[in-house]
Amino acid sequence: MDPGRQTAISDCVSKGQVLFDEPLSRYTSYGIGGPAEAFFQPGDREELARILKLASQETIPVTVMGSGSNCLVSDTGVPGIVISLADRLNNFHIEGGRVTAGAGVALGCLVRQCLQAGLAGVENLVGIPGTIGGALVMNARAFGGEISTCLDRVRTLTGDGKEQVYRREDLQFGYRSSSFRPDEIIMEAEFHFKAGSPETIADLQQQFLNERKARQPLKQRSAGSVFKNPAPDVAAGTLIDKAGLKGTRRGDAGISAKHANFIINCGQATAEDIAFLIKLAARTVKQQFGAQLELEIRTLGFQPGYWEDAGLDG
Ligand SMILES: Cc1cc2nc3c(=O)[nH]c(=O)nc-3n(C[C@H](O)[C@H](O)[C@H](O)COP(=O)(O)OP(=O)(O)OC[C@H]3O[C@@H](n4cnc5c(N)ncnc54)[C@H](O)[C@@H]3O)c2cc1C
């Protein structure tokens, strides 16, 4: 990024932080990813709006990240400004059954606070990493429960820094999808929960955590499930397993022997290593079973068309 642009960005930031050529491997659950040209952690909403306005005026590309637990970032990094909201915009307020949470609050914090307050509705999401913003964009879901069920309202900033408020009924949520526009940044959400017995909620949470531990390779770095399930009764992991790919390695990347839809970083894997296994799995499943897999994870910083040879949209 040229020094003039760096100065213009730095001039917008006083409460937060901006770092140039910052490795994104520090901010993803994979521990993988090249540098962001500018890596911005906003101090408050006004600063975020200022940066968005500048980016829009100067046509600087903007990418938003929560805690990077559903992202594969390329080894060459991401051009423009990467806005990281993990632990930023982290206001949190509970009153009765209503909760207001900033986009950068950890989903785990919401789950924990609801347990403490005896509020039921998000216990199924225990153990899912990430932020409230990421959970809403991805419509985080587990064990039959999803984040959008308890949602009332969402406050966003559009690409040019304007604020927008949505009621739940203005939004659509699907399987790991939502109707937020790609240039929209979630800033805050309001939820409602019903009263529940803390003992019952705690028991359910423990049950869900045990199931996660039994089924998922939680000791290795990953971004969770790589592919969406092709149908409600057809798991992508089962197809990859049946194709004989469990345990396949490429460098330090591997298709987990525990859960074939998890492609893990066993040490110093690169994004190219992970991408190789993603493409191998997609091509092999297509050849053997005729099913075209679709990516669940979001890919950042890859060249247009990079995923096409495996029939994937990156
Ligand atoms: C071990 C493991 C287990 C997992 N299990 C599950 C599971 O059971 N169920 C499930 O649904 N997911 C699961 N995931 C995936 C992931 O944790 C969720 O998708 C999570 O909600 C992503 O949140 P994040 O903050 O990390 O988002 P990121 O990965 O940082 O971003 C995901 C997407 O959301 C966008 N985004 C993030 N924040 C904002 C914002 N404030 N405004 C606008 N856009 C934003 C990003 O641009 C990106 O497109 C798992 C991941 C891991 C590593």
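Indexing begins at 1, ligand by ligand and atom by atom, following the structure's order. Only this structure's heavy atoms are used, side chains among them; waters, hydrogens and symmetry mates stay out.
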Q | Distance-only polar pair, side chains of T156 and E184, donor-acceptor under 3.5 Å | A | yes
Q) Out of G130, P129, G66, C71, whose heavy atom is nearest to atom 50 (C) of ligand 1? A) P129
**Q.** Residue and atom name of the nearest protein heavy atom (relative to atom 14 (N) of ligand 1), distance in Å to one decimal
**A.** I128 CG2, 4.1 Å
Q: Please confirm whether G68 comes within less than 3.5 Å of ligand 1 when only nitrogen or oxygen atoms on both sides are compared.
A: yes
Q. Where does A103 meet ligand 1, judged by heavy-atom distances below 4.0 Å: at the side chain, the backbone, both, or neither?
A. side chain
Q | Contact check: L85 vs ligand 1, nitrogen or oxygen atoms, below 3.5 angstrom | A | no
Q.
Can you check which of A135, S67, S84 brings a heavy atom nearest to atom 21 (O) of ligand 1?
A. A135
Q | Check: Y27 and S67 side chains under 4.5 Å, non-hydrogen atoms | A | no
(Q) Whether R155 and E163 form a salt bridge (side-chain N of Lys/Arg under 4.0 Å from carboxylate O of Asp/Glu) is what I want to check. (A) yes
Q: Find all atoms of ligand 1 within a distance of less than 4.0 Å from any non-hydrogen atom belonging to G133, and give their numbers and elements.
A: 38 (N), 39 (C), 41 (N)
Q.
Contact between ligand 1 and E146 is defined here as a heavy atom of the residue under 4.0 Å from a ligand atom; is it met?
A. no
Q. In ligand 1, which numbered atoms sit nearer than 4.0 Å to a non-hydrogen atom of A223?
A. 51 (C), 52 (C), 53 (C)
Q) What's the shortest distance from atom 47 (O) of ligand 1 to any protein heavy atom, and which residue and atom give it? A) V64 O, 2.6 Å
Q | Closest approach of any protein heavy atom to atom 35 (C) of ligand 1, naming residue and atom | A | V137 CG1, 3.9 Å
Q | Co-membership, hydrophobic cluster, residues V105 and I185, 4.5 Å side-chain | A | no
Q) Would you say the side chains of Q207 and D203 form a donor-acceptor pair under 3.5 Å? A) no
Q) Which word best sums up how the rings of F208 and F143 line up, parallel for under 30°, tilted for 30 to 60°, or perpendicular for over 60°? A) parallel
Q.
Could you go through K15 and E47, starting from their C-alpha distance and side-chain angles, then the distance that decides it, and tell me whether this counts as salt bridge (charged side-chain N to carboxylate O under 4.0 Å, His left out)?
A. CA-CA 8 Å; K15 296 181 184 157; E47 204 171 77; over 6 Å; no
(Q) I'd like to check which ligand 1 atoms, numbered from 1 as shown, lie under 4.0 Å from a non-hydrogen atom of M65. (A) 30 (O)
Q. Looking at residues at least two apart in the chain, or sitting in another chain, which of them share a side chain to side chain contact (heavy atoms under 4.5 Å, CB included) with D273?
A. R250, A253, A269, T270
**Q.** Contacts of R112 that satisfy side chain to side chain contact (heavy atoms under 4.5 Å, CB included) - sequence neighbours left out
**A.** C109
Q. Who's the nearest protein heavy-atom neighbour of atom 42 (N) of ligand 1, and how far?
A. I186 N, 2.9 Å
Q. Among all protein non-hydrogen atoms, which one is nearest to atom 17 (O) of ligand 1, and what is the separation to 0.1 Å?
A. S69 OG, 2.8 Å
Q: Check whether the side chains of Q205 and E123 place a donor and an acceptor atom closer than 3.5 Å, and report yes or no.
A: no
Q | Close-contact set for ligand 1 against T131 heavy atoms, below 4.0 Å | A | 23 (O), 24 (P), 25 (O)
Q: Would you mind finding which of S29, G134, G102 brings a heavy atom closest to atom 23 (O) of ligand 1?
A: G134
(Q) If you define the side chain from C-beta out and look only at heavy atoms, does anything of L85 sit under 4.5 Å from P42? (A) yes
**Q.** Closest to atom 5 (N) of ligand 1 (judged by heavy-atom distance), picking from Q216, E184, R212
**A.** R212
Q: For atom 9 (N) of ligand 1, grab the closest protein heavy atom and report residue, atom and distance to one decimal in Å.
A: R141 O, 2.7 Å
Q. To which protein heavy atom is atom 29 (O) of ligand 1 closest, and what is the distance rounded to 0.1 Å?
A. N70 N, 2.8 Å
Q. Which of parallel (below 30°), tilted (30 to 60°) and perpendicular (above 60°) describes F193 and F191?
A. parallel
Q.
What protein heavy atom lies closest to atom 48 (C) of ligand 1? Include the residue and the distance to one decimal.
A. R298 CG, 3.8 Å
